[in-house]
Amino acid sequence: MTSSDGTSAAVSEAATPPAVVGAVVAGEPVSTKMSTKRKRQLTALGVALLILALLFAWYLMNRKPLSELPGLGVAKVPHYEYSIYGTSNPIAVAVSPTGDRIYVTEENAPRLVHVYDHSGKQVGTLTPSKSTGPTHIPGYVAINPTNQDVYVSDNSTNQIYIYNAKGTYLRTFAPKGKLGTWRPLGVAFGPDGSLYATDIQGSGKAHRVVVFSPNGTFVRSIGAPGLSFPNGITIDQHGNINVADSNNGRLLVFNPAGKIIGLVGHGLGSGDLGLPRGVAVDGAGRIYVVDSSDHMVRVYNDASSTVSTPTFIASFGNEGQIDGTFEYPNGVATDTRAHIYVTDQGNNRVQVWGY
């Protein structure tokens, strides 16, 4: 073939012969090559079946999701669900195990404890007796697991008021034993009805956690000296006492005997704390700490009963006014249905999050 300029085209079908089926590659017959490839496929399949068998055996022995295998777990972060409005500068929240009663204290007038049902509808209020005085500022709130009585600390009278599950005022908590003067703030219960309270009476060096038996007898104090305006407190699944040491910017974990066994410190890292206030724990052992100055809730995992320095998992929330954001959150509570309740002070609401 000759081109238009008279040169010969160097195109020839014979110059680049097509691949021939059954040809020899690198001196090895194709049949042998295919046999090796087949062996590799069978080996890979065998390894995969072995891994699946081991995973199934692990599941049968532990009855846990396979995602909880070491190295396979994914940190779960709750998502925003809805908000409850109707309180003015809400401080603390407590929730019945099933979430059918939500108790919220408010710092601004009328300074009541509002009671909501699971849908966020207000069903009542808690009001102390007139005999307790004209001025009240409800602080933290907790539910006694043995009888569902509701305990509310009062920042004005330095007392704890007790109501029944229907919201009727019963009495003022009267400690037994040599407690001395005190100023209760955070309140929490152990599973047997033992009462734990943070006490901010006097200077920072005197701040402490006080423990009472189920009948109200003073048992011991822990954490002093060293605590500075401790706020929220909760008891975890091991009986350890988790305390938000607010002015020191840290979370302290005490064992039941009162010895410090864990600490999350103050700092700027992702798991560090700024101004911790409310503390709660759920049935999965996750610890929730409200970081008021950072406008978020930090989530930690409790490792064991003896060495319980919480491991940081994640945070949720940011500063703002829209759904899922906070303005100086303070209190936190959980129920048994994987919900987390957070008092959002600056936005005058309680936010409900869930998994």
Side-chain angles (χ1 to χ4, degrees), residues 91-92 94 96-97 103 105 113 126-236 238-245 252-260 279-281 333:
I91 296 298
S96 63
Y103 302 89
T105 66
V113 180
L126 305 184
T127 306
S129 168
K130 292 182 178 179
S131 63
T132 60
T135 304
H136 296 283
I137 305 176
Y140 284 83
V141 57
I143 302 172
N144 189 329
T146 64
N147 54 20
Q148 302 306 304
D149 284 351
V150 183
Y151 286 54
V152 181
S153 65
D154 194 295
N155 295 329
S156 177
T157 62
N158 297 335
Q159 301 287 350
I160 294 177
Y161 300 119
I162 305 174
Y163 306 82
N164 65 19
K166 295 181 179 180
T168 302
Y169 171 81
L170 298 177
R171 64 189 182 279
T172 300
F173 178 68
K176 303 174 184 178
K178 298 180 179 181
L179 172 65
T181 58
W182 72 320
R183 186 182 173 190
L185 187 59
V187 286
F189 281 96
D192 64 346
S194 295
L195 174 65
Y196 298 77
T198 56
D199 177 15
I200 57 172
Q201 176 67 31
S203 64
K205 293 183 179 180
H207 294 176
R208 59 181 177 167
V209 172
V210 289
V211 185
F212 302 91
S213 67
N215 68 1
T217 300
F218 172 64
V219 176
R220 65 182 181 276
S221 64
I222 62 176
L227 295 176
S228 181
F229 285 93
N231 273 242
I233 180 172
T234 191
I235 315 304
D236 67 22
H238 310 297
N240 296 328
I241 307 153
N242 299 264
V243 182
D245 187 14
L252 294 178
V253 183
F254 300 89
N255 67 13
K259 179 182 178 181
I260 294 179
V279 183
V281 64

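Positions are given from 1, in the same order as the sequence printed here. Just so it is clear, the model here is predicted, and its values are computed rather than measured.
Annotation for S156 and I137: closest pair CB-N, 3.8 Å, computed over non-hydrogen atoms. For T172 against Q159, the heavy-atom pair with the smallest separation is CG2-OE1, 3.5 Å. Annotation for P145 and P191: closest pair CG-O, 3.9 Å, computed over non-hydrogen atoms. Considering all non-hydrogen atoms of both residues, S96 and I143 come closest at N-CD1, 3.5 Å.
How far OG1 of T168 is from CD1 of I162: 13.5 Å, rounded to the nearest 0.5 Å. Remark: R171 CZ to N164 CG distance equals 10.0 Å, nearest 0.5 Å. For the atom pair CG (D192) and CD1 (I235), the distance works out to 10.0 Å, reported to the nearest 0.5 Å. Atoms CG and CD1, from L252 and I233 in turn, are 10.5 Å apart once rounded to the nearest 0.5 Å. Taken to the nearest 0.5 Å, the CG atom of N155 stands 8.0 Å off from the CD1 atom of I91.
By the side-chain contact (heavy atoms from CB on, under 4.5 Å) test, P97 is found to be paired with Q148, T336, residues two or more places apart in sequence or in another chain being considered. Taking the side-chain contact (heavy atoms from CB on, under 4.5 Å) definition, one finds that L126 meets it with Y103, V113, V115, V150, V152, Y163, sequence neighbours left out.
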Steps toward side-chain contact (heavy atoms from CB on, under 4.5 Å) verdict (T157, H136):
CA-CA 7 Å; T157 62; H136 296 283; 3.8 Å; yes

Between N231 and T198, does the side-chain contact (heavy atoms from CB on, under 4.5 Å) criterion hold? Intermediate values first, please.
CA-CA 6 Å; N231 273 242; T198 56; 5.7 Å; no

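Between the side chain of N255 and the backbone N or O of N240, no donor-acceptor pair lies under 3.5 Å. A donor-acceptor distance shorter than 3.5 angstrom exists from the side chain of H207 to the backbone of F229, with no hydrogens or angles considered. Listed for the T105 side chain is a donor-acceptor partner under 3.5 Å among the backbone atoms of G139. Of the possible donor and acceptor atoms, none in the side chain of N242 sits under 3.5 Å from a partner among the backbone N and O of A280.
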Side-chain donor-acceptor pairs of residues 208-224 under 3.5 Å, sequence neighbours excluded:
from : atom 1 : to   : atom 2 : distance (Å)
R208 : NE     : D199 : OD2    : 2.8
R208 : NH2    : L179 : O      : 3.2
R208 : NH2    : D199 : OD2    : 3.3
S213 : OG     : N215 : OD1    : 2.4
S213 : OG     : T217 : N      : 3.3
N215 : OD1    : T217 : N      : 3.1
N215 : OD1    : T217 : OG1    : 2.9
R220 : NH2    : P256 : O      : 2.1

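Y151 pairs in a ring pair (Phe, Tyr, Trp, His ring centres under 6.0 Å) with only one of the listed residues (Y169, Y196, Y140, F189), which is F189.
Side-chain atoms of W182 and P175, non-hydrogen and from C-beta on, do get closer than 4.5 Å to each other.
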